[in-house]
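Shown next, in structure tokens, is the structure this report addresses.
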Amino acid sequence: MYLYRTLIIEDDTVEKQLLQHHLSQLPNLSMIGSFDNPLSAVSLLHQEQVDILFLDVNLPGIDGLSFLSTLQRPPRVILTTADPAHALKAFEIGVVDYLVKPYTFERLLRAVSRVIGANDSGSSPDAAPTYIFLKTGRESVRVAVEDILYIEAFGAISKVYTKTSVLVVSELLANLHQQLPAGAFIRVHKSYIVSQQSITRIGSRHVSIQQHQIPLGATYREQVEKTLWGK
């Protein structure tokens, strides 16, 4: 049985102890830490694998939703709050469930089951991500990986071309490439990475994706052919 590594960020001592008690009754969860302040949890989130994050909204220093938007690859999140007014925004940024205090053990169990059930029909949390969060201005936008066609570098920023829009992202191309599932995207030029499954044609100097022609760099052509055709 896989143990889901669980983290709590909650500044109310009573609420935290109650949540810890409830979670201790679930055999498939492993508690790896709890914090009063989200900024204190940053180091652990960067250094350790966290599968489920229980996150309060009203926290000292920075509120839970704002903190969540700063995480490049957040774990699956269950928000806990006494205020139901944030629910719409929470689900817009990819929160799996939203618990309004006071909640019952049964309601908590449903939230945990939803997180585990969302894990691609039982595959482990180490499976390739199906979406990523992209930082655009002051917001982070959840984008399905399968919707991304290609990404173009513009110095310290990147343009992410999806099936329906173009997003200007405050991230280097190389960093975005690392966040995407291994093998799903390929570098075809110093300024471009493309979705392998979206390639429709390869010419001597271009790769075609739908109506877009992406330049194919001479130094990348051999690796592209080897990756796609095993040459």
Between F67 and L45, is the side-chain contact (heavy atoms from CB on, under 4.5 Å) condition met? List the steps.
CA-CA 12 Å; F67 173 70; L45 282 164; 3.7 Å; yes
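- Distance alone, capped at 3.5 Å, places no donor-acceptor pair between the T136 side chain and the V168 backbone.
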Stepwise, does the side-chain hydrogen bond (donor to acceptor under 3.5 Å, both in side chains) test hold for S40 with N37?
CA-CA 6 Å; S40 301; N37 189 308; 4.7 Å; no
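- Cluster annotation: L71 and V77 are assigned to the same hydrophobic cluster (Ile/Leu/Val/Met/Phe/Trp/Tyr, side-chain heavy-atom contacts under 4.5 Å, transitive).
- When side chains are defined from C-beta on, L59 does not count as touching F35, because their heavy atoms never get closer than 4.5 Å.
- In terms of heavy atoms, R5 sits closest to Q49 at NE-O, 2.7 Å.
- Within the 4.5 Å cutoff, the side chain of T6 has no heavy atoms near those of the V50 side chain.
- Taking both residues in full, the closest heavy atoms of K163 and E146 are given as CE-O, 3.3 Å, listed atom of the first, atom of the second, then distance.
- To the nearest 0.5 Å, atom NZ of residue K101 and atom CG of residue D12 are 6.0 Å apart.
- Here R107 pairs with D97 under the salt bridge (charged side-chain N to carboxylate O under 4.0 Å, His left out) rule; sequence neighbours left out.
- Taking the side chain as every heavy atom from C-beta outward, L79 and L65 approach each other to under 4.5 Å.
- Under the side-chain hydrogen bond (donor to acceptor under 3.5 Å, both in side chains) criterion, S165 pairs with T162, not counting sequence neighbours.
- Geometrically, K190 does not engage Y220 in a cation-pi contact, judged by NZ or CZ lying under 6.0 Å from the ring centre and within 45° of the ring axis.
- One N or O on the side chain of S113 and one on the backbone of L109 form a donor-acceptor pair closer than 3.5 Å.
- With sequence neighbours excluded, the residues that form a side-chain hydrogen bond (donor to acceptor under 3.5 Å, both in side chains) with N175 are E171.
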Full working for side-chain contact (heavy atoms from CB on, under 4.5 Å) between I78 and V95
CA-CA 6 Å; I78 297 174; V95 167; 6.0 Å; no
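- Taking the side chain as every heavy atom from C-beta outward, T80 and V57 never approach each other to under 4.5 Å.
- By the rule that hydrophobic residues join a cluster once side-chain heavy atoms approach within less than 4.5 Å of another member, F105 and V115 end up as members of one cluster.
- Atom CE of M31 is separated from atom OH of Y4 by 15.5 Å, given to the nearest 0.5 angstrom.
- Taking the side-chain hydrogen bond (donor to acceptor under 3.5 Å, both in side chains) definition, one finds that Q47 meets it with S43, sequence neighbours left out.
- Taking OG1 from T70 and CD1 from I62, the interatomic distance works out to 5.5 Å, rounded to the nearest 0.5 Å.
- Under a hydrophobic clustering in which Ile, Leu, Val, Met, Phe, Trp and Tyr are joined whenever their side-chain heavy atoms come within less than 4.5 Å, directly or via other members, V143 and V145 fall into the same cluster.
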Please step through side-chain contact (heavy atoms from CB on, under 4.5 Å) for the pair R205 and Q213, ending with a clear verdict.
CA-CA 9 Å; R205 297 183 179 180; Q213 281 198 329; over 6 Å; no
Would you sort out whether F54 and L19 count as a side-chain contact (heavy atoms from CB on, under 4.5 Å), showing the intermediate values?
CA-CA 9 Å; F54 285 88; L19 179 55; 3.8 Å; yes
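- Pairing each heavy atom of H21 with each of S24, the nearest pair is O-OG, 2.6 Å.
- Counting heavy atoms from C-beta outward, P74 and F133 have side chains that approach closer than 4.5 Å.
- Here the closest heavy-atom approach between residue P60 and residue P38 is recorded as O-CD, 4.0 Å.
- From Y161, atom OH reaches atom CD1 of I151 across 11.0 Å, with rounding to the nearest 0.5 Å.
- Here the closest heavy-atom approach between residue Q210 and residue T200 is recorded as N-OG1, 4.0 Å.
- L216 places none of its side-chain heavy atoms less than 4.5 Å from the side chain of Y192.
- Evaluated for a side-chain contact (heavy atoms from CB on, under 4.5 Å) with I193, the options I148, L173, I186 yield exactly one hit, L173.
- Hydrophobic clustering (ILVMFWY, side-chain heavy atoms < 4.5 Å, transitive): Y103 and V14 are in distinct clusters.
- Under a hydrophobic clustering in which Ile, Leu, Val, Met, Phe, Trp and Tyr are joined whenever their side-chain heavy atoms come within less than 4.5 Å, directly or via other members, L134 and F154 fall into different clusters.
- By the side-chain hydrogen bond (donor to acceptor under 3.5 Å, both in side chains) test, S69 pairs with no residue at all, sequence neighbours left out.
- Every residue two or more places apart in sequence or in another chain that forms a salt bridge (charged side-chain N to carboxylate O under 4.0 Å, His left out) with K16 is listed here: D36.
- If you look at F185 and H177, their ring centroids are not closer than 6.0 Å.
- A 4.5 Å side-chain heavy-atom check between L3 and L29 finds every atom pair outside the cut-off.
- Distance check: L26 CG to I52 CD1 gives 9.0 Å after rounding to the nearest 0.5 Å.
- The line from CG of L172 to CG of L176 is 8.0 Å long, rounded to the nearest 0.5 Å.
- Contact check for L44 versus I32: side-chain heavy atoms found under the 4.5 Å cut-off.
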I'd like to know whether Q20 forms a side-chain hydrogen bond (donor to acceptor under 3.5 Å, both in side chains) with S34, so could you lay out the CA-CA distance, the side-chain angles of the two residues, the decisive distance to 0.1 Å, and finally the verdict.
CA-CA 9 Å; Q20 289 173 328; S34 63; 3.2 Å; yes
